[in-house]
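See below for the structure under consideration.
Each chain gets a letter, A, B and so on, in the order its sequence line appears, and its residues count up from 1.
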Amino acid sequence: MKIYNTLTKKKEEFKPIEANKVKMYACGPTVYNYFHIGNARPFVFFDVVRNYFEYKGYQVTYAQNITDIDDKIINKAIEDNSSFKQIAKKYIAAFQEDTEKLGIRKPDFQPKASEVIGEIIKLIKDLENKGFAYEVKGDVYFSVESFKDYGMLSGKKIDDQKAGARVEANTNKRHPADFTLWKKAKPDEPTWNSPWGQGRPGWHSECVVLSQKYLQCQSFDIHGGGVDLVFPHHENENAQAQALSNKPLANYWMHNGFINIEGEKMSKSLNNFFTARDILKEYNAEAIRFFFLSKHYRSPIDFNRSIMQESDTAVKNFYSALKSINFTSRDEEVNYSDRFEGKKTEFITAMDDDFNTAKALSVMFDLAKTIKSTKENEENRKQAANLLVELGSVLGFFQDLAAKLSNDLGDLSSKLLSILIDIRNSAKENKNWALSDKIRDELLKEGIQLLDTKDGTKWEKK
RNA sequence: GGCGACAUCGCCAAGUGGUAAGGCAGAGGUCUGCAAAAUCUCCAUCCCCAGUUCGAAUCUGGGUGUCGCCUCCA
């Protein structure tokens, strides 16, 4: 399979470091707020990456950090008149809740930055000892000039950057591009003891420490995150790791594109900021997942109401197909005919090509069509349904299949419904259209759709 | 100013040298009391210009446009 690697700016054949194993790390949330729809994209996408590798038979180890020490958290604590620990605790819980609702599986490891302060200090100390870092008045900086490959990931040459163009130049730094590894304590901030006095770590070290610790290696297979992290975050992570080990932190760097809102960048000043939590109130998790996967992960994607509506309809399509043949659960032992093996191959070929999920989805639509088609024989429709669920599951759909397919209303409701259907049918026989339509319309309002088929009146939950 | 990405039907979106997948929306026919569902049919020459080639949405050059990064934003 091929993966686009930010490091080489090419699609490359994926070769794991250890045969049949994938070690991957994706940057997690900074817990100072509910995460927004833009944060959700990489969470969902790397969940799919993980699933797909497992589907291909790899043993995957997936780690993701939680940044619980950061300026933004401290600021939020001041704003809310709370403590930084309480803020972190609150939003970690919210993060867990929302990702679960989105159907994202928990990574194998999900450590917090605060758990590894000792190891972060050791990393910085090692960098200092080897001449890659220097201390100025209690702050420690990484010296970009000491690491000759600085810029290898982002393609930036440090001398091209306009120092201080957008941020005030820090006069303590030897070079404007030098970044902070350790910050001297300020009043009312959480601090830890260190060789440089009281302080706290900068943002870029935690991911180095956590990834290497939990993936148990200096250099692992895949590192992921949003494109905005390429520079400076990932560049700086890599610089620290490679300065010490002479190897890149990861072999493949994958970056997802941004989400725009109605064509504009999402930002607080434009007030077009949507949290995943809010969107989940309006649309179900699978519609959100479909929205993300309907476009290639590296492309920017526009979020708006009509596209969410379409995504919702599209997902319902899969379910109505499955309902049309009373599909209940997947048969894992099924032997697909050549025709469906071919469909499966199409799906795999699409996914092997740098996770072309949009194309993979078209295979699913194709299967849905086969399932619904009255021209197909029973066996083909069954196989198509089975394969639809198999492939859809790789993309994270159909997690509550049984519940979604169930038409179970409970005893009394079922009886009442069949009484209503009987009354309606009598009304129809008497050509009392007003009454029969009223029953149909009222039931639809309650989410029950009646279908007058040749085999009598059927119904399904909308 | 530096670096980079993208431009395909009303909307979303595949396609990476061989004559434009798919989804949503829409139009018409069949079916239906009417709907829904099902079913059949219809619906683009790919931002512009030039070039390479037997052949280009796909390669090259030049435009135009949109967007991103260059700040501890996914």
Checklist entry - Are Lys76(A) and Tyr32(A) in a cation-pi contact, defined as NZ or CZ under 6.0 Å from the six-membered ring centre and within 45° of the axis? => result no
Checklist entry - Is Gly225(A) touching bases, backbone alone, or none of the nucleic acid, heavy atoms closer than 4.0 Å? => result sugar-phosphate
Item to check | Cationic N near anionic O, under 4.0 Å, Arg298(A) to Asp354(A) | outcome: yes
Next on the checklist: Given G33(B), A74(B), A14(B), identify the nucleotide with an atom nearest to the side chain of Arg424(A).
Outcome noted: G33(B)
Checklist entry - Counting any heavy atom closer than 4.0 Å, what does Arg298(A) reach on the DNA or RNA strands: base, sugar-phosphate only, or nothing? => result nothing
Checklist outcome for this item: Per atom distances to the Asp452(A) side chain, the nearest of C3(B), A74(B), A35(B) is A35(B)
Checklist entry - When you check the phosphate oxygens OP1 and OP2 of A13(B), does a side-chain N or O of Lys295(A) lie under 4.0 Å from one of them? => result yes
Item to check | Atom C1', compared across U41(B) and A5(B): separation rounded to whole Å | outcome: 40 Å
Checklist entry - If you check every side-chain atom of Ala358(A), which of G22(B), A13(B), A36(B) has the closest atom? => result A13(B)
Item to check | Side chain of Ser294(A) (C-beta onward), nearest among G33(B), C12(B), C69(B) | outcome: C12(B)
Next on the checklist: Under 4.0 Å, heavy atoms only, any strand: does Lys369(A) hit a base, just the sugar-phosphate, or nothing?
Outcome noted: sugar-phosphate
Shorter than 3.5 Å, N or O on both sides, protein versus nucleotides 24-29 of chain B: list them out with atom names.
unit_1, atom_1, unit_2, atom_2, d
C24(B), OP1, Asn317(A), ND2, 2.7

Checklist entry - When the P atoms of A36(B) and A25(B) are considered, how many whole Å apart are they? => result 12 Å
Item to check | Spacing of the C1' atoms in A21(B) and U16(B) (rounded, Å) | outcome: 15 Å
Checklist entry - Taking Ile104(A) as the fixed residue, which of Val48(A), Thr99(A), Asp98(A) is the one that meets the side-chain contact (heavy atoms from CB on, under 4.5 Å) rule? => result Thr99(A)
Item to check | Contact nearer the 5' end of RNA chain B, comparing Thr30(A) with Leu361(A) | outcome: Leu361(A)
Between the protein and nucleotides 40-45 of chain B, list every N/O to N/O distance that falls short of 3.5 Å.
unit_1, atom_1, unit_2, atom_2, d
C40(B), OP1, Lys375(A), NZ, 2.5

Next on the checklist: Using a heavy-atom cut-off of 4.0 Å across all strands, would you classify Leu444(A) as base, sugar-phosphate, or nothing?
Outcome noted: nothing
Next on the checklist: For a quick check, tell me whether the side chain of Asp437(A) and the base of G33(B) share a donor-acceptor pair closer than 3.5 Å.
Outcome noted: yes
Item to check | Sole candidate of Phe292(A), Phe95(A), Tyr62(A) that passes ring-ring contact (aromatic ring centres under 6.0 Å, His included) when paired with Phe43(A) | outcome: Phe95(A)
Next on the checklist: Quick one: does any side-chain atom of Asn65(A) pair with a main-chain N or O of Cys207(A) as donor and acceptor, under 3.5 Å?
Outcome noted: no
Checklist entry - Would Asp302(A) and Lys295(A) pass as an ion pair if we require N to O under 4.0 Å? => result no
Item to check | Donor-acceptor pair (no angle test) under 3.5 Å: Lys156(A) side chain, C69(B) base | outcome: yes
Item to check | For C9(B), the Watson-Crick or wobble counterpart (both distances under 3.5 Å) | outcome: none
Item to check | Salt bridge present between Arg200(A) and Asp71(A) (N-O < 4.0 angstrom) | outcome: yes
Checklist entry - Where the side chain of Asn356(A) is defined as all heavy atoms beyond and including C-beta, which of G33(B), A14(B), C70(B) is the nearest nucleotide? => result A14(B)
Checklist entry - Separation of Phe290(A) atom CZ from A14(B) atom C1', in whole Å? => result 12 Å
Item to check | Phosphate OP1/OP2 of A36(B) contacted by Lys458(A) side-chain N/O (<4.0 Å) | outcome: no
Next on the checklist: Between Asp441(A) and Lys445(A), does any side-chain N to carboxylate O distance fall below 4.0 Å?
Outcome noted: no
Next on the checklist: Would Tyr91(A) and Tyr34(A) count as a ring pair (Phe, Tyr, Trp, His ring centres under 6.0 Å) here? Give the steps.
Outcome noted: CA-CA 6 Å; Tyr91(A) 291 109; Tyr34(A) 299 114; 5.2 Å; yes
Checklist entry - At under 4.0 Å between heavy atoms, what does Pro29(A) touch on the DNA or RNA strands: base, sugar-phosphate, or nothing? => result nothing
Checklist entry - With respect to the phosphate group of A38(B), does any side-chain polar atom (N or O) of Lys372(A) fall under 4.0 Å of OP1 or OP2? => result yes
Checklist entry - Reckon Lys359(A) touches a base, only the sugar-phosphate, or nothing at all at heavy-atom distances under 4.0 Å? => result sugar-phosphate
Next on the checklist: Between Lys11(A) and Asp353(A), does any side-chain N to carboxylate O distance fall below 4.0 Å?
Outcome noted: yes
Item to check | Carboxylate-amine/guanidinium proximity below 4.0 Å for Asp366(A) and Lys369(A) | outcome: no
Next on the checklist: So His296(A), base contact, sugar-phosphate only, or nothing? Heavy-atom distance under 4.0 Å.
Outcome noted: sugar-phosphate
Checklist entry - Can Phe35(A) be called stacked on A74(B) when the rule is centres closer than 5.5 Å and an angle between planes below 30°? => result no
Next on the checklist: Pairing check on A21(B): which nucleotide meets the Watson-Crick or G-U wobble criteria with it, both distances under 3.5 Å?
Outcome noted: none
Checklist entry - Passes salt bridge (Lys or Arg N to Asp or Glu O under 4.0 Å), Glu286(A) versus Arg289(A)? Steps please. => result CA-CA 5 Å; Glu286(A) 288 182 298; Arg289(A) 187 172 280 263; over 6 Å; no
Checklist entry - How far does the P atom of A14(B) sit from the matching atom of G51(B), given to the nearest Å? => result 31 Å
Checklist entry - Using a cut-off of 4.0 Å on non-hydrogen atoms, how would the nucleic acid contact of Ile307(A) be classed: base, sugar-phosphate, or nothing? => result sugar-phosphate
Item to check | Any strand: nucleotide that pairs with G1(B) via Watson-Crick or wobble, under 3.5 Å | outcome: C70(B)
Item to check | Spacing between Asp366(A) atom CG and A21(B) atom P, to the nearest angstrom | outcome: 13 Å
Checklist entry - A36(B) P sits how many Å from Lys316(A) NZ, rounded? => result 17 Å
Item to check | Among A74(B), C34(B), G22(B), the one nearest Pro42(A) by side-chain distance | outcome: A74(B)
Checklist outcome for this item: If pairing means Watson-Crick or G-U wobble with both distances under 3.5 Å, then the partner of U45(B) is none
Checklist entry - Is it true that atom NZ of Lys372(A) has more than 12 heavy atoms of other residues, nucleotides or ligands lying nearer than 6.0 Å? => result yes
Item to check | C43(B) to C24(B) separation - C1' atoms, rounded to the nearest Å | outcome: 14 Å
Next on the checklist: When the C1' atoms of C73(B) and G68(B) are compared, how many Å lie between them, rounded to an integer?
Outcome noted: 12 Å
Next on the checklist: Can you check the distance between C3(B) and C12(B), where both ends of the measurement are the P atom (answer in whole Å)?
Outcome noted: 31 Å
Next on the checklist: Any donor-acceptor pair, under 3.5 Å, between the side chain of Arg440(A) and the base of A35(B), if you only look at N and O atoms?
Outcome noted: yes
